[in-house]
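In what follows, a structure is listed as structure tokens, so that the remarks can point back to it.
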Amino acid sequence: MLAPGPKEATSQIPLPPDDMWDLPGGTAWVYYGAGHDRLTRPVIMADGFHVGPSDLEFAWEVLEFGAYPFLGELRRRGRDVVIVGFHERSASILDNSRTVQAAILQAVEERSGGTQLAVGGFSMGGLIARHALAKLESLRIDHQTALYWSYDSPHRGAWIPLSLQAFAHYTRRLDRRFSDQINSPASRELLWRHIDEWDAPPGQADDRKAFLAEMREIGEWPSIPRLIGVANGVSSGRGEPVEPGAVAFQGRGLSLVGTRLYAQQAGHCPPAAQLRVVSMEKPEVRTCGLPEIDGAPGGMLDGFGILADELNKLPAFFGFRSDARIRAHCFVPAVSAVAVRDLDRTEDLYVDIGALDPGESELDEFKLASQNEEHTLMTEELGSWIIERLP
């Protein structure tokens, strides 16, 4: 499955929560801040995209046991952490928004004192939180939230190379899990361009069109809280050394020889993939009119690398040995995470964000990383920046 996060579980164990809320479509794990015995200064954070239910241990590995102990630093400063998880992380953003809405209202009800909420999320979780707050405002429900924050969230869309999507669907008859992930409701809503079959023309999925229409209906963004966001990509427009048109993934075993997945190339319908799995057929997939997005600055995902690693775990006699010549591709372009540009044009993907008028962003304030790094990687650079702006 394509998803960011630690590749191996750590031996560290999460602290037991001080409280748990059973929510429609999910669960909230509540941790009181230092010196608190009740909810006082809540920071609500929504989980991101994956397949299956949210996993508290995984959340702690990402947010506490990595390079920067975000959860511990929040609690040390007297902030109460509310981690909102979902029964199904690949469900529609609109469905999981109801879970976050319920968490917000329960936090308002249980909070002691008058500190307003900070509500946000990681990756897709930032979109879920954004919709939840805007939806409550459209219903004239007081969410008592002073700050909305997002962490490498794809406000203008996310990207999985069409070559990877095509491979997922082409191999569905052997193992449908990868294809089902790409075709899940959340993927269809998140991805800037999507295909539901290996030979389908790329476009905006109907689910994404419906999601964007819903966002327009409720005003796009919450209007009451201050809006901030961070990106795991750089502001300078400097991308990664991914040569457009280069072979990113290649089959080596007998069952895959002839399979090549290419880095996205602009131009007149260049090849995106040549597919061969078990049979002698080698159909070609071409894409037309797309930008050179795989090396764009932003939060990176080891999409080609994860695919090769998983195939190489299979016994050699199955013939699925593979080689990822380019392991990572851009998943959430920096311009998407800080909401300054759409993804249609190569020049917009590589724009020098630092040279733009900050008012071009739909966020009130934003911060970009000093290097292009793994999508949703929790760093002191970005995590502390958010903490300093909490109400």
Side-chain angles (χ1 to χ4, degrees), residues 14-15 17-33 36 38-49 54-56 58-60 62-64 70-87 89 93-137 139 141-153 221-222 224-230 363 376 378 382-383 385-391:
L15 293 176
D18 295 301
D19 197 4
M20 289 178 61
W21 301 341
D22 185 18
L23 304 169
T27 302
W29 296 281
V30 182
Y31 294 87
Y32 299 143
H36 296 174
R38 66 193 67 186
L39 198 69
T40 307
R41 304 172 75 192
V43 179
I44 295 177
M45 53 190 72
D47 197 6
F49 176 79
S54 294
D55 183 333
L56 184 60
F58 181 82
W60 272 71
V62 174
L63 302 178
E64 182 67 13
F70 185 63
L71 303 181
E73 190 62 23
L74 283 167
R75 298 176 68 216
R76 186 183 70 81
R77 299 192 186 199
R79 305 289 179 172
D80 306 309
V81 172
V82 181
I83 302 172
V84 180
F86 308 107
H87 294 334
R89 286 172 287 179
I93 292 170
L94 306 182
D95 291 341
N96 284 335
S97 170
R98 299 185 185 99
T99 306
V100 174
Q101 292 173 50
I104 292 169
L105 297 180
Q106 185 149 348
V108 169
E109 181 179 349
E110 296 199 8
R111 176 199 51 189
S112 175
T115 300
Q116 292 207 308
L117 279 58
V119 178
F122 303 91
S123 189
M124 182 187 70
L127 296 186
I128 295 172
R130 172 182 158 188
H131 178 273
L133 290 167
K135 186 67 174 181
L136 289 173
E137 289 182 6
L139 297 172
I141 296 174
D142 184 6
H143 51 58
Q144 298 188 32
T145 299
L147 183 75
Y148 162 80
W149 57 274
S150 64
Y151 202 105
D152 213 36
S153 296
W221 296 83
I224 296 173
R226 179 171 173 78
L227 312 175
I228 67 170
V230 301
L363 297 166
T376 65
M378 175 51 67
L382 301 181
W385 185 89
I386 291 174
I387 290 174
E388 289 165 2
R389 284 153 179 79
L390 295 175

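The figures here come from the full heavy-atom set of this structure, side chains too, leaving out hydrogens, waters and symmetry mates.
- Looking only at distances, no side-chain donor or acceptor of Asp152 sits under 3.5 Å from a matching main-chain atom of Ser123.
- Of the possible donor and acceptor atoms, none in the side chain of Tyr148 sits under 3.5 Å from a partner among the backbone N and O of Gly229.
- With sequence neighbours excluded, the residues satisfying side chain to side chain contact (heavy atoms under 4.5 Å, CB included) with Ala132 are Ser97, Val100, Gln101, Ile104.
- Looking only at distances, no side-chain donor or acceptor of Gln106 sits under 3.5 Å from a matching main-chain atom of Trp21.
- With sequence neighbours left out, the ring pair (Phe, Tyr, Trp, His ring centres under 6.0 Å) criterion links Tyr32 to no other residue.
- With sequence neighbours left out, the side chain to side chain contact (heavy atoms under 4.5 Å, CB included) criterion links Glu64 to Trp60, Pro69, Leu71.
- Applying the salt bridge (Lys or Arg N to Asp or Glu O under 4.0 Å) definition to pairs two or more places apart or across chains, those involving residues 93-112 are Asp95-Arg98.
- Here the shortest heavy-atom pairing between Ala107 and Leu117 reads CB-CD2, 3.9 Å.
- Contacts of Arg76 classified as side chain to side chain contact (heavy atoms under 4.5 Å, CB included), with partners at least two apart in sequence or in another chain: Glu73.
- In terms of modelled atom types and a separation under 3.5 Å, the side chain of Ser54 and the main chain of Phe86 share a donor-acceptor contact.
- The nearest pair of heavy atoms linking Ser150 to Gly126 is CB-CA, 4.3 Å.
- Heavy-atom contacts from other residues, nucleotides or ligands closer than 6.0 Å to CZ of Arg38 number 12 or fewer.
- Rounding to the nearest 0.5 Å places CD1 of Ile83 at 11.5 Å from OG1 of Thr27.
- In this structure, the ring pair (Phe, Tyr, Trp, His ring centres under 6.0 Å) partners of Phe122, at least two apart in sequence or on a different chain, are Trp149, Tyr151.
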